[in-house]
Amino acid sequence: MTVLIKGGTVVNAEQSFQADVLCQDGVITAVGKSLDTPKGATVVDAGGQYVMPGGIDPHTHMQLPFMGTVASEDFYTGTAAGLAGGTTMIIDFVIPNPQQNIMDAYRQWREWAEKSVSDYSFHVAVTWWDDTVYEDMGTLVRDHGVNSFKHFMAYKGAIMADDEILVNSFSRALELGAIPTVHAENGELVFRLQQELYDKGITGPEGHPLSRPPEVEGEAANRAIRIAEVLRVPLYVVHNSCRQSLEAITRARNEGQRVFGEVLAGHLLIDDSVYRDPDFEAAAAHVMSPPFRSKENQEALWHGLQSGNLQTTATDHCCFCADQKAAGKDDFRLIPNGTAGIENRMEVLWHHGVGTGRLTMNEFVKVTSTNAAQIFNIYPRKGCVSIGADADIVVWDPAASKTISAKTHHQNIDYNIFEGMTVTGCASHTISRGHVVYANGKLDVERGAGRYVDRPPFAPYYDALKIQAKQAEPVAVRR
Ligand code: URP
Ligand code: ZN
Ligand code: ZN
């Protein structure tokens with residue numbers, strides 16, 4: 001298929017310029033002024049609009065089996081909803097049960113994802129440890145295009161990784177040229193606080209944020225960062241929700257450590273008052289971990305994004321409908337954790353970021369696409385409108401306005417955490433692998449059209465790190 005995007009302004013991370021963009025057989029083959037229209041090409045009129053790299057959401061959980069149920073959004077509906085909002089690639093998570101063979105889990109997730117309509121890739125979670133996990137991490141990096149491993153420091157009794165697992169897995173990641181990532185919450189403290197609150201009779205959703213205060217997140221972020229420092233491995237901290245974890249990241253970066261931070265659109269825009277809603281359904285719909293925080297934390301997160309100490313924006317898209325959330329009607333600890341957002345991430349960030357002057361358009365591209373592509377080593381194939389890149393593009397109408405609602409969204413969930421928010425600036429067209437898959441409110445997707453994206457290891461940089469790690473004195477002596 002040939003698509004010519006005509007008359008728009010290309011916005012990349014480093015610059016903006018007027019140009020047409022030609023997409024042929026899934027890749028961008030020309031970027032320039034007044035390109036000729038090839039015979040039979042579909043022409044997208046981008047006059048007055050911005051032509052940007054499609055969004056990359058580096059944190060989603062499609063059809064995740066979790067807390068006794070399965071996320072309602074699958075790889076087909078979820079990637080389609082992403083395309084409707086300008087997101088053309090997701091990085092989801094393979095999450096083996098403790099003791100489950102990691103390769104079996106990987107194959108299971110690959111099979112589930114075959115129905116995806118946009119491109120996808122996988123972080124793989126390390127939820128337990130033995131020699132087979134050590135070996136399988138190597139197989140995943142060498143033969144299956146995995147370059148990131150996830151560690152849940154929370155969810156005690158389920159998928160929590162203790163310090164021993166973190167140390168083993170982080171060291172192995174360094175050997176392999178892969179990047180460890182963490183969900184930073186102290187699972188022991190959460191467990192203790194949950195029990196105390198429940199015993200005091202706090203059984204409703206308001207108990208959820210009380211059991212996971214910012215200190216619990218800050219402690220875990222700092223611990224993971226310091227473990228990574230000692231082992232000399234880079235680290236990516238997912239869904240930072242508060243000042244405490246941002247400060248840990250900022251401090252480490254100022255000390256020269258290679259640490260990256262992600263923030264969710266929801267954490268930037270929704271505050272913790274949602275948990276005090278007397279309506280159980282509404283409050284439970286917002287139960288996710290880490291929880292939504294106070295407005296002061298939201299402001300700190302925006303500053304983190306603006307200063308570059310947080311580099312990526314994601315959604316942690318993990319959908320549970322009201323009937324699933326009802327499992328925790330009498331006990332907040334049983335409410336499945338997760339909220340949606342893949343369809344709205346780009347537009348709420350544009351409206352509240354670019355629209356308020358917090359972010360330039362180029363910074364918007366960085367935090368919604370380019371930085372994720374660079375951190376996870378798929379740049380410039382993704383994250384950039386340039387010759388040779390995959391033709392994953394969003395045409396953005398800065399003047400279009402819409403009011404977000406669960407009644408009209410494409411996400412397979414009965415609630416939208418951004419319900420009623422009016423945003424200015426939305427995707428008018430989304431091009432995925434050179435196909436126009438979304439145009440003026442209509443999706444035209446093909447089940448299974450999405451492709452698995454291999455992410456190579458970070459060889460040269462890590463080679464230097466490994467040499468340093470061998471030659472260096474222990475960290476305590478070095479100071
Ligand atoms: O509440 C959340 N975030 N659910 C999905 C799993 C996770 O912790 O990322
Ligand atoms: Zn998490
Ligand atoms: Zn998650």
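Residues: numbered from 1 along the sequence shown. As the structure lists them, so they are numbered: ligands from 1, and atoms in each ligand from 1.
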*asked:* Could you tell me if Arg345 and Thr313 have a donor-acceptor pair between their side chains, going purely by distance under 3.5 Å?
replied: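 Arg345 and Thr313 do have a side-chain donor-acceptor pair below 3.5 Å.
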_Residues Asp104 and Gln108: side-chain donor-acceptor under 3.5 angstrom_ =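 Note: Asp104 and Gln108 side chains miss the donor-acceptor criterion.
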*asked:* Less than 4.0 Å is my threshold; does some heavy atom of Phe93 fall inside it relative to ligand 1?
replied: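 No, Phe93 has no heavy atoms under 4.0 Å from ligand 1.
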Atoms of ligand 1 less than 4.0 Å from [X] heavy atoms?
X: His59; answer: 9 (O)
X: Gly338; answer: 1 (O), 4 (N)
X: Ser289; answer: 1 (O), 2 (C), 3 (N), 8 (O)
X: Met288; answer: 1 (O), 3 (N)
X: Cys318; answer: 5 (C)

*Indicate, with yes or no, if the rings of Tyr106 and His144 have centres closer together than 6.0 Å.*
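For Tyr106 and His144, the ring centres are under 6.0 Å apart.
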*Residue part near ligand 1, for His183, under 4.0 Å between non-hydrogen atoms*: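 Side chain only.
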_ligand 1-proximal atoms of Asn337, by part, heavy-atom distance under 4.0 Å_ =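 For Asn337, the contact with ligand 1 is made by both the backbone and the side chain.
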*Which ring pair (Phe, Tyr, Trp, His ring centres under 6.0 Å) pairs, counting each pair once, include a residue from residues 223-252, with sequence neighbours left out?*
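Residue pairs with at least one partner in residues 223-252: His59-His239, His183-His239, Tyr236-Phe376.
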*Give a yes or no on whether His183 keeps an N, O or S atom under 2.8 Å from the Zn ion (ligand 3).*
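No, outside the cut-off.
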*For the Zn ion (ligand 3), what is the closest N, O or S atom on Asp316?*
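Looking only at N, O and S atoms of Asp316, the one nearest the Zn ion (ligand 3) is named OD1.
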*Of the protein's non-hydrogen atoms, which lies at the shortest distance from atom 3 (N) of ligand 1, and what is that distance?*
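Of every protein heavy atom, Asp316 OD2, 2.6 Å lies nearest to atom 3 (N) of ligand 1.
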*What residue and heavy atom of the protein are closest to atom 8 (O) of ligand 1, and at what distance?*
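Going by distance alone, atom 8 (O) of ligand 1 is nearest to Tyr155 OH, 2.6 Å.
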I'd like to know if [X] pairs up with [Y] as an ion pair, taking the criterion as any Lys NZ or Arg NE/NH1/NH2 lying under 4.0 Å from an Asp or Glu carboxylate oxygen.
X: Arg293; Y: Glu217; result: yes
X: Glu299; Y: Arg358; result: yes
X: Glu229; Y: Arg226; result: yes

*Does any N, O or S atom in His239 come within less than 2.8 Å of the Zn ion (ligand 2)?*
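Here the distance criterion (N, O or S atom, under 2.8 Å) is met by His239, so yes.
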*Would you please classify the geometry between the His151 ring and the Phe170 ring as parallel, tilted or perpendicular, with 30° and 60° separating the classes?*
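It falls in the perpendicular class, over 60°.
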*Do the rings of His286 and Phe292 sit parallel, tilted or perpendicular, given the 30° and 60° boundaries?*
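Geometry flag for Phe292 against His286: perpendicular rings.
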